[in-house]
Each structure stands twice: as structure tokens, then as C-alpha cells.
Amino acid sequence: MKIINKTNLSYKEIGEIIDEIISTSKGNTNYVGKIEVGKVLYNGKPINITIRYLKKIVEWRFDYEK
């Protein structure tokens, strides 16, 4: 797993967000090249999340909404 954090969230907060996303997406099919894009409201700030399923890792990117 690779985490790209372009926010000021701590890794504990990011871990909580990731855990919530994983627990709500059970049963979905994941494959190499799949890209998921979502938005979360965390502490009143909208955060864009991009999940890319690469050959050897899953990349999670967290950005503030522009």
C-alpha cells in the first residue's frame, strides 16, 4: 500500500478513513488498472480520494478539493 497525503491529516486519521472505505466496499471486484474516485467530508473539509489498483500495490491519494 502506498499513501500519498497532500492534506494536513495525520496518518491515524487517514487510516480511519481507509478502514471505513474498506469495510463499506466488501464484495467489490478489484483488478489491475482499476481506479476509484471518491469524496469524503472530514472535519468540515471536503477531501478527494483516488484509489489506484496497480500491479503490486494499491495507491491511495488524499487531496483537498480545489
Side-chain angles (χ1 to χ4, degrees):
M1 179 183 296
K2 179 179 181 181
I3 298 173
I4 301 170
N5 183 10
K6 298 294 182 177
T7 66
N8 63 356
L9 296 175
S10 70
Y11 282 97
K12 180 180 186 274
E13 293 169 321
I14 286 178
E16 291 169 355
I17 293 170
I18 290 173
D19 288 345
E20 183 65 29
I21 291 171
I22 290 172
S23 70
T24 59
S25 65
K26 289 186 179 182
N28 292 345
T29 302
N30 298 326
Y31 52 88
V32 174
K34 181 178 177 183
I35 298 174
E36 294 181 278
V37 178
K39 190 180 295 188
V40 173
L41 190 62
Y42 195 82
N43 289 335
K45 295 182 180 179
I47 298 171
N48 294 326
I49 301 172
T50 305
I51 307 167
R52 294 184 344 158
Y53 297 89
L54 305 174
K55 189 172 185 178
K56 294 186 179 186
I57 62 169
V58 177
E59 180 184 277
W60 294 75
R61 182 180 178 95
F62 294 81
D63 294 300
Y64 284 120
E65 187 174 84
K66 296 179 182 179

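Side chains included, hydrogens not; waters and symmetry mates left out as well; all remaining heavy atoms used. The residues of the chain are indexed from 1 along the displayed sequence.
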So CZ of Arg61 and CD1 of Ile3: to nearest 0.5 Å the spacing works out to 13.0 Å
Inter-residue atom distance Lys2.NZ - Arg52.CZ, 0.5 Å rounding:
8.0 Å
Mind checking whether Ile4 and Ile22 sit in one hydrophobic cluster, side chains of I, L, V, M, F, W, Y counted as touching below 4.5 Å?
no
Step by step, would you call Phe62 with Ile17 a side-chain contact (heavy atoms from CB on, under 4.5 Å)?
CA-CA 10 Å; Phe62 294 81; Ile17 293 170; 4.0 Å; yes
Could you tabulate the donor-acceptor pairs under 3.5 Å formed by side-chain atoms of residues 40-51, not counting sequence neighbours?
from  : atom 1 : to    : atom 2 : distance (Å)
Tyr42 : OH     : Glu16 : OE1    : 3.4

Gap separating the CD atom of Glu13 from the CG atom of Asn8, nearest 0.5 angstrom
8.0 Å
On a heavy-atom basis, which atom in Glu20 and which in Ser23 lie closest, and how many Å separate them?
O-OG, 3.0 Å
I need the minimum non-hydrogen distance between Tyr53 and Glu36, along with the two atoms involved.
OH-OE1, 2.7 Å
Hey, does Met1 have a side-chain heavy atom less than 4.5 Å from the side chain of Ile18?
yes
In this structure, CG of Asp19 is separated from OG1 of Thr24 (nearest 0.5 Å) by 10.5 Å
Starting from Tyr11, can I reach Ile21 by hopping between I/L/V/M/F/W/Y residues whose side chains sit under 4.5 Å apart?
yes
